[in-house]
Amino acid sequence: MKALVVGGGGREHALAWKLAKSPQVDLIYVAPGNAGTAAEPKLKNIAIKPDDISALLAFALAEGIGLTIVGPEISLILGIVDVFEKAGLRCLGPHRAAARLEGSKSFAKDFLTRQNIPTARYQVFDDPDEAITYIKTQVTPIVVKADGLAAGKGVVIAQTEWEAIEAIHEIQVSGVFGEAGNRVVIEEFLAGEEASFIVITDGEHILPLVSTQDHKARDNGDRGPNTGGMGAYSPAPVITERVYNRIMEEVIVPTVRGMAEEGYPYRGFLYAGLMIDKNGSPKVLEYNCRFGDPEAQPIMMRLRSDLMTLFLATVERRLHEISVEWDPRAAVGVVMVAKGYPGSYAINDPIYGLPVPEREDCKVFHAGTIEKGGQILTAGGRVLCACGLGSSVTQAQAIAYSLVQQITWKEAYYRTDIGYRAITREADRDNN
Ligand code: AMP
Ligand code: GLY
């Protein structure tokens, strides 16, 4: 079978790399892919952007693609699954109506309320004056969110009333996110530890993936501006068995059931961004309608089963027939970025040290990279994700950083503490 993976980040490299190991797959196109996907066996890049749905459709029809797997939210929110299915093609991901769980924060919040799923208290405003009046009645810190897609930058944790009002001005009045900021959600600040909980669902049956946690802040100690993710690890010890059961019961099952009941069954990866409080109670911070990046990289390192079998069972609505096997080892992925990210940064810097020698317990996934004249150059903010597998998060982290140390370019930047919460817990356990 020929497959198509839409996207060009580390997540798509990891998914395509794992899919290529399936004997059911002969060739995988990656649109647009990166220098890493270009170099893998069975993978071939095709220069089509994820938001060009009609070009992707024309390509898939011409090539006789058996299954399309969608990485980025933009394609899903634009309705790629609806368009492909109408043309008789199989495409893994939620339909346009279901992708609103990520595409509109007010849709997601109203859905959470209707379904009685725990989340922060909130109000939605189209009028900035009303938003400001409301802010003045609330305690700080308080959270201001642009309703639509804002490349992960549309959330402001305001420490003071003044910061919250400033956020309203930026988002709704100055319009820094364009139409995505016409409407805002203002919500209560939640304290606790964040976790990502990612499942795959066929609309009815649910298969939870192994737990992960990502580090969204740019700098060590979870400080500095929010990014798309500076690293991730699996398993996440904050998800104890008890917390896991509560998340399934209180969040995931009601979400999948509620979407089906409301007339837009959810199919594909469902990602719940959660805050777990000190009592182990989960609350939904956000939904994503796709796999996480960089969560996908450590998770794919740990998946032992055939990924195509899993994907086919999902689009054919027989996920209950499938069980998957996971590597018991822990995985850590460290993202190497271009200095300046998530603000402005340089591109076209030659990367030295690639490829690192292949080993079973480590892998470097590419994101913003491009090959020119035999040299791999930087081509984005997040450039690489170095992943290691080990008997503990501590071991896996050491392997991931040993890869990072072999790679360099002018002004490469990365955190040196990915997985620290799990590592602290492991040290505490060893000392007791
Ligand atoms: P979101 O895109 O909604 O996940 O928000 C991005 C990040 O902002 C989250 O990963 C959290 O770190 C933080 N955040 C969002 N909402 C809240 C909240 N209500 N309380 C505390 N932190 C939040
Ligand atoms: N790592 C966070 C995300 O994929 O949204």
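When a ligand or atom number is given, it counts from 1 through the structure's own listing order.
For the side chain to side chain contact (heavy atoms under 4.5 Å, CB included) with Phe311, the lone residue among Leu67, Thr68, Asp306, Ile322 that qualifies is Leu67.
Within the listing of ligand 1, atoms 16 (N), 17 (C), 18 (C), 19 (N), 20 (N) sit less than 4.0 angstrom from a heavy atom of Val143. Proximity to Lys216 (heavy-atom distance under 4.0 Å) selects the following atoms of ligand 1: 10 (O). Atoms of ligand 1 lying under 4.0 Å from any heavy atom of Glu187, numbered from 1 in the order shown and given with element: 16 (N), 17 (C), 18 (C), 19 (N). Which parts of ligand 1 touch Lys105 is read off a 4.0 Å heavy-atom cut-off, strictly below it: atoms 1 (P), 2 (O), 3 (O). Annotation for ligand 1: atoms under 4.0 Å from non-hydrogen atoms of Phe189 are 20 (N), 21 (C).
The main-chain N or O of Gln159 is found under 3.5 Å from a side-chain atom of Glu163 such that the two form a donor-acceptor pair. Under the 3.5 Å distance criterion, the side-chain polar atoms of Ser234 are matched with a main-chain donor or acceptor of Ser211. The backbone N or O of Gly258 sits nowhere less than 3.5 Å from a side-chain atom of Arg114 that would complete a donor-acceptor pair. Looking at Tyr401, its side chain does come within 3.5 Å of a backbone N or O of Asp417 through a donor-acceptor pair. The main-chain N or O of Glu194 is found under 3.5 Å from a side-chain atom of Gln213 such that the two form a donor-acceptor pair. Between the side chain of Asn220 and the backbone N or O of Thr416, at least one donor-acceptor pair lies under 3.5 Å.
When the heavy atoms of Ile157, Asn226, Val156, Val155 are ranked by distance to atom 23 (C) of ligand 1, first place goes to Ile157. Summarising the contacts of atom 16 (N) of ligand 1 with Glu286, Glu194, Lys145, the nearest heavy atom is found in Lys145.
Sorted by chain and number, the heavy-atom contacts of ligand 2 below 4.0 Å come from Asp214, Gly228, Tyr271, Asn288, Arg290, Gly292, Asp293, Pro294, Glu295.
For the pair Arg11 and Phe291, the NZ or CZ position fails the cation-pi test of under 6.0 Å to the six-membered ring centre and within 45 degrees of the ring normal.
Thr314 and Arg267 share no side-chain donor-acceptor pair at under 3.5 Å.
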